[in-house]
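Some notes on the structure that comes next.
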Amino acid sequence: MIDTLDDFDVEGTTVGVRVDVNSPIGDDGTLADDARLRAHVDTLSELLERGGRVAVLAHQGRPGGDDFVALESHADRLAELLERPVDYVDATFSDAARETVRNLDDGDCVVLENTRFYSEEYMEFEPERAAETHLVEGLAPVLDAYVNDAFAAAHRSQPSLVGFPTVLPGYAGRVMESELDVLGSIEATPEPRVYILGGAKVSDSIDVAWSVLEKGLADHVLTAGVVGNVFLIADGVDLGDASSDFIYDQGYWDEIDRAADLLDAYGEQVALPRDVAVERDGDRHELGVNALPPQDGEAAMDIGNSTLAYYRRILEDAETVILNGPAGVFEDENFEQGTRQLYGAATAVETSIVGGGDTASALRRLGVDGFSHISTGGGAALRMLTAEPLPAVTALEDGPQQQQPADD
Ligand SMILES: Nc1ncnc2c1ncn2[C@@H]1O[C@H](COP(=O)(O)OP(=O)(O)O)[C@@H](O)[C@H]1O
Ligand SMILES: O=C(OP(=O)(O)O)[C@H](O)COP(=O)(O)O
């Protein structure tokens, strides 16, 4: 049982609020899409209006990525959305950060720096060990309580997600609460149930496929995006050097064997693309799987029309569809078609549940709507839909295991 904001006597307390504002970043290194910030406005406004002193904790990107940036532009946008001043400090648990948090008044809000600027935050720990990291040991003494609203990161066992609730009273924010309500009962959704796994998180998607097929939750798993490309290679298709190099460079080469094992075990229920789209002379060019490999340098960037027709037929009989990850490189207009049409077809299914930060932004951009539920989480939503526990949720459920460290 998790405590929510309804159980929290907020006034006058200093609260660390973990949100997930991991968002697309523009060429200038600043926030390019505020959808994930908007999602947390209710939780943050409620805490501030109830007299909380709020220190916002969040990550942005992954080390080494172009979107691995500071949270200053997030803080600026949050101030606009909350319609009140929001401070920003370029550190998370330094003396300066702690001093800023100590000096908050009731109704004040500060955004602390990208938690992943500290290497510990990009590691996974058991909660008790996470509580001993520099981040948690440094910051917990200036906090009275912890609110986790970061459903989209709840599948990560990282210090800011599992460490704080081990040493502080923890509460689910409003986003976390509603996501757990909606996604907590996949067994109750009508069958046949189809999972569509696209996008680029290959190992997460293969975990999900194994789990939903083993548990009998999925009648069909349709593959697309980079996930579909990995399954094609696992099935013996020669996708050419460009796609293979991409998969290798992303560190997903070992996933090909896992995909092949899955096809051995559940091949009849796993659908693979029947054609792919490549770029040729600046245009989209579709190739049936039998016509592969493509020419040198051409990569499989989208699913083609014959795959769409095949997947549409499966969706016509479905009562529930669960989607994660775009079907292709939707950012390029030559390759947005697969995502637009596949997701469009999914809106006709009685219960349609979508997860994923990039997926949600693809849908907004392509103007596809009409889903039963669009989750703020991608990997977290899928993990939850397979009925696997989310470490950050378990840590909230378990509650404080250690004495709260004293502020000195
Ligand atoms: N065939 C493909 N080749 C390369 N990248 C792809 C392909 N299909 C989809 N992608 C990329 O996958 C990314 C989104 O995947 P992912 O992060 O898994 O989605 P989400 O955030 O919704 O979980 C997009 O940037 C898109 O360009
Ligand atoms: O964007 C996120 O996940 P998602 O892409 O699965 O929605 C979360 O912020 C988690 O980020 P991570 O996958 O870098 O740990």
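All of these numbers come straight from a predicted model, not from anything done at the bench. Atoms within a ligand are numbered from 1 in the order they appear, just like the ligands themselves.
Here atom 2 (C) of ligand 2 lies nearest to Arg36 when heavy atoms of Arg36, His59, Arg156 are compared. Closest heavy-atom approach to atom 9 (C) of ligand 1 within the set Gly198, Ala362, Ala224, Gly328: this belongs to Gly328.
When only interatomic distances are considered, the shortest N/O to N/O separation between Gly61 and ligand 2 does not fall below 3.5 Å. Taking only nitrogen or oxygen atoms, main chain and side chain alike, Glu331 reaches within less than 3.5 Å of ligand 1. Residue Ala200 has at least one N or O atom closer than 3.5 Å to an N or O atom of ligand 1.
Annotation: atom 9 (O) of ligand 2 to nearest protein heavy atom, Asp20 OD2, 2.6 Å. Counting protein heavy atoms only, atom 21 (O) of ligand 1 is closest to Asp358 N, 3.0 Å. Considering only non-hydrogen protein atoms, atom 6 (O) of ligand 2 sits nearest to Gly379 N, 2.7 Å. Counting protein heavy atoms only, atom 12 (P) of ligand 2 is closest to Arg62 NH2, 3.5 Å. In terms of protein heavy-atom proximity, atom 23 (O) of ligand 1 is closest to Lys201 NZ, 3.1 Å. Lys201 NZ, 2.6 Å is the protein heavy atom nearest to atom 5 (O) of ligand 2.
Interface atoms of ligand 1 facing Gly225, defined by a heavy-atom separation under 4.0 Å, are 1 (N), 8 (N). Every atom of ligand 1 with a heavy atom of Asn324 under 4.0 Å away is listed here by number and element: 23 (O). Of all the atoms in ligand 1, the ones that sit under 4.0 Å from a non-hydrogen atom of Thr359 are 20 (P), 22 (O). The ligand atoms of ligand 1 that sit less than 4.0 angstrom from a heavy atom of Gly199 are 12 (O), 15 (O), 18 (O). Less than 4.0 angstrom separates some heavy atom of Val226 from each of these atoms of ligand 1: 2 (C), 3 (N), 4 (C), 5 (N), 6 (C), 7 (C), 8 (N). Set against the non-hydrogen atoms of Met301, the atoms of ligand 1 under 4.0 Å away are 1 (N). Set against the non-hydrogen atoms of Asn229, the atoms of ligand 1 under 4.0 Å away are 1 (N). Atoms of ligand 2 found under 4.0 Å from any heavy atom of Ala152, numbered from 1 in the order shown, are 3 (O), 8 (C), 10 (C).
His74 and Gln60 share a side-chain donor-acceptor pair at under 3.5 Å. Side-chain contact check for Asn114 and His59: no donor-acceptor pair (N or O, by modelled atom type) lies under 3.5 Å. There is a side-chain donor-acceptor pair under 3.5 Å between Ser375 and Glu179.
Among Glu298, Gln295, Arg280, the single residue meeting the side-chain hydrogen bond (donor to acceptor under 3.5 Å, both in side chains) criterion with His285 is Arg280.
In this structure, the side chain of Tyr118 engages the main chain of Thr92 through a donor-acceptor pair within 3.5 Å.
Between Arg312 and Glu316, none of the side-chain N atoms (NZ, or NE/NH1/NH2) sits under 4.0 Å from a carboxylate O, so this pair counts as no salt bridge. Between Glu255 and Arg258, at least one side-chain N (NZ, or NE/NH1/NH2) sits under 4.0 Å from a carboxylate O, which counts as a salt bridge. In summary, Arg174 and Asp6 engage in a salt bridge, as defined by a charged side-chain N under 4.0 Å from a carboxylate O. Under a 4.0 Å N-O distance rule, the pair Arg18/Glu121 qualifies as a salt bridge.
Gln60 does not count as a contact of ligand 2, since none of its heavy atoms falls under 4.0 Å from the ligand.
Residue Asp181 places its CG atom among more than 12 non-hydrogen atoms of other residues, nucleotides or ligands, all under 6.0 Å distant.
Residue pairs satisfying the ring pair (Phe, Tyr, Trp, His ring centres under 6.0 Å) criterion with at least one member in residues 341-377, sequence neighbours excluded, are absent.
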Phe246/Tyr252 under ring pair (Phe, Tyr, Trp, His ring centres under 6.0 Å): CA gap, chis, key distance, verdict: CA-CA 9 Å; Phe246 178 84; Tyr252 289 137; 8.5 Å; no
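Taking the centre and axis of the six-membered ring of Tyr310, the NZ or CZ atom of Arg274 falls inside the cone set by 45° and 6.0 Å.
When non-hydrogen atoms are compared, ligand 1 lies under 4.0 Å from the backbone of Ala300 (N, CA, C, O) but not from its side chain. Contacts between Gln158 and ligand 2, counted as non-hydrogen atom pairs separated by less than 4.0 Å, are absent for every part of the residue.
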